[in-house]
Colleague: 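Sharing a structure, written as structure tokens. Questions coming.
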Amino acid sequence: MIKRKKSKGAETKKPGRKARCLAVFAVLAAALLAAAVLNIHMGSVRIPAGRILRILFLRQGEAAEVSILWKIRMPRILQAAILGGALALSGFLLQTFFGNPIAGPFVLGISSGAKMCVALAMIVLLKSYGKVSSWILILAAFAGAMASTAFILAVSRAVRNMAGLLVAGIMIGYICSAVTEFLVTFAEDSDIVNLHGWSQGSFSGADWAGTGTAALIVGTVFVCVFFLAKPISAYQMGEAYAQSMGVNVKRFRMELILLSGILSACVTAFAGPVSFVGIAVPFLVKRALGTSKPLVVIPASFLGGAAFCMFCDLAARTAFAPTELNISTVTSFVGAPVVIYMLAGRNRNVPLSGRRS
């Protein structure tokens, strides 16, 4: 029996790629830890490290400092991480669905549609009942996200280039934002005092109940997406290849858009629209990893989105303290240049589907 010799290139390529992936995950984990430590320590009230550790692990300390850490900073940190990861994962799913690297919930107007429906639900329910459940906000955001997605899908059938899709998404975003601003203009009363800040995007309203709900939804969707890693990998090679591998393409596309819509809706319901995270983070993560393999990109995108949003939230809180910036203002400073770089590196007439068929 003749044994075929393995080439040296094949032997060294796999270990080298594995080492690169491990290094990227180590960097992302370190960034996530650093962001958490800085967010806990920094703020309008500076708490020494020793007292922070005593409060976190022993629940001992001054009542004001315990309240700041456990009721304000910790829920906000965790919610920023969870929703940041959800945004990055939603962007990755949309990019897979459209075969287009600039597809993202904010740029395509999906977040704007979710924002519009959430604003409408908040105004109507707060005036009628004085309160609104987080689950109702999530359902309203999901309805708005699905409506915007349906519009984009309809346009994508007629417009077969990247620029046309981008313009369509921007237009639906403008329309939804205009409707939202109209609603907000005629809703100035004490019941919806936080609507203005929420509509610009912020993690400032985080609490343990909302964080737990977000963790439950995002965690469930993350597991579902991870189990779809193999079909996603086949779909990236083209619809014909995916069908030959036994993937039900129609059902698979519905699953992608449904999961992406749930993630976008969850983020919008709790933090409002947050821009460019869903495009910039998956792109940067894939560049760093040197691969688009879903089994690697899915967890890396989630970690990258979590760390990215935590650092952006830290900048929003502390850059001009005591004035707090909207989170989208900070994310746009980083995300928009990445999108420009992506567009500059591609031909204008690239078809909408970048997959091989």
Side-chain angles (χ1 to χ4, degrees), residues 29-87 118 122 125-126 129-138 189-219 266-274 305-331:
L32 192 67
L33 179 61
V37 171
L38 290 173
N39 271 280
I40 291 173
H41 178 66
M42 298 179 68
S44 57
V45 177
R46 293 292 183 98
I47 305 174
R51 293 214 294 265
I52 289 176
L53 293 175
R54 190 161 59 250
I55 291 171
L56 291 179
F57 294 103
L58 301 177
R59 299 291 185 96
Q60 296 177 357
E62 297 181 10
E65 293 179 346
V66 172
S67 180
I68 289 171
L69 282 182
W70 281 106
K71 293 184 179 180
I72 299 176
R73 292 186 186 175
M74 288 300 294
R76 181 167 182 164
I77 292 167
L78 292 174
Q79 193 169 106
I82 293 166
L83 299 184
L87 275 174
V118 170
M122 289 177 69
L125 293 176
L126 285 174
Y129 303 102
K131 62 179 181 178
V132 56
S133 167
S134 59
W135 289 102
I136 293 177
L137 294 182
I138 293 170
D189 56 60
S190 58
D191 292 330
I192 51 170
V193 68
N194 293 322
L195 185 57
H196 272 294
W198 170 87
S199 66
Q200 299 299 318
S202 175
F203 298 115
S204 59
D207 56 25
W208 285 111
T211 301
T213 303
L216 175 63
I217 295 171
V218 174
C266 185
V267 174
T268 306
F270 287 109
V274 182
F308 181 79
C309 277
M310 288 171 71
F311 276 116
C312 288
D313 187 48
L314 176 65
R317 288 193 300 111
T318 60
F320 298 97
T323 302
E324 182 172 325
L325 298 174
N326 296 316
I327 188 66
S328 286
T329 302
V330 182
T331 57

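Everything numeric here is computed off the predicted structure, so don't read it as measured data.
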Colleague: Taking the side chain as every heavy atom from C-beta outward, state whether Leu87 and Phe308 have any atom pair closer than 4.5 Å.
Modeller: no
Colleague: Only pairs at least two apart or in different chains count here, so list each side chain to side chain donor-acceptor pair (under 3.5 Å) that has a residue in residues 206-216.
Modeller: Gln79-Thr211
Colleague: Could you work out, with side chain to side chain contact (heavy atoms under 4.5 Å, CB included) as the rule, every residue matching Ala31, not counting sequence neighbours?
Modeller: Ala307, Phe311
Colleague: Shortest non-hydrogen contact from Ser202 to Ile327?
Modeller: N-CG2, 3.7 Å
Colleague: According to side chain to side chain contact (heavy atoms under 4.5 Å, CB included), who are the partners of Val66, at least two apart in sequence or on a separate chain?
Modeller: Ile55, Trp70
Colleague: Measuring from atom CD1 of Ile40 to atom CD1 of Ile77, what distance do you get when rounded to the nearest 0.5 angstrom?
Modeller: 4.5 Å
Colleague: Is the side chain of Thr318 donor-acceptor paired with the backbone N or O of Leu314 at a distance under 3.5 Å, no angle test?
Modeller: yes
Colleague: How close do Met122 and Leu137 get, heavy atom to heavy atom, and via which atoms?
Modeller: CG-CD2, 3.5 Å
Colleague: Roughly how far apart are Cys312 SG and Asn326 CG, rounded to 0.5 Å?
Modeller: 13.0 Å
Colleague: What distance do Leu32 atom CG and Cys309 atom SG have between them, rounded to the nearest 0.5 Å?
Modeller: 11.5 Å
Colleague: Return the set of residues passing side chain to side chain donor-acceptor pair (under 3.5 Å) with Ser328 (not counting sequence neighbours), or none when no residue passes.
Modeller: none
Colleague: Where do Glu324 and Ser204 come nearest, in terms of heavy atoms and distance?
Modeller: OE2-CB, 3.8 Å
Colleague: For Arg54, which residues count as a side chain to side chain contact (heavy atoms under 4.5 Å, CB included) partner, sequence neighbours excluded?
Modeller: Arg51, Leu58, Gln60
Colleague: Taking only residues at least two apart or on different chains, which pairs with a member in residues 308-321 satisfy salt bridge (Lys or Arg N to Asp or Glu O under 4.0 Å)?
Modeller: Arg76-Asp313
Colleague: Using side chain to side chain contact (heavy atoms under 4.5 Å, CB included) as the criterion, list what pairs up with Leu33, not counting sequence neighbours.
Modeller: Val37
Colleague: Which distance, rounded to the nearest 0.5 Å, do you find between the CZ of Phe203 and the CG of Leu78?
Modeller: 12.0 Å
Colleague: So, for Ile72 and Pro75, which heavy atoms are closest and what is the spacing to 0.1 Å?
Modeller: O-CD, 3.6 Å
Colleague: Apply side chain to side chain contact (heavy atoms under 4.5 Å, CB included) to residues Phe270 and Ile138 and explain how you reach the verdict.
Modeller: CA-CA 8 Å; Phe270 287 109; Ile138 293 170; 3.7 Å; yes
Colleague: Heavy atoms only: give me the nearest Thr268-Pro273 pair and the separation to one decimal.
Modeller: CG2-N, 4.4 Å
Colleague: Which pair of non-hydrogen atoms, one from Leu69 and one from Ile52, has the smallest distance, and what is that distance?
Modeller: CD1-CA, 4.1 Å
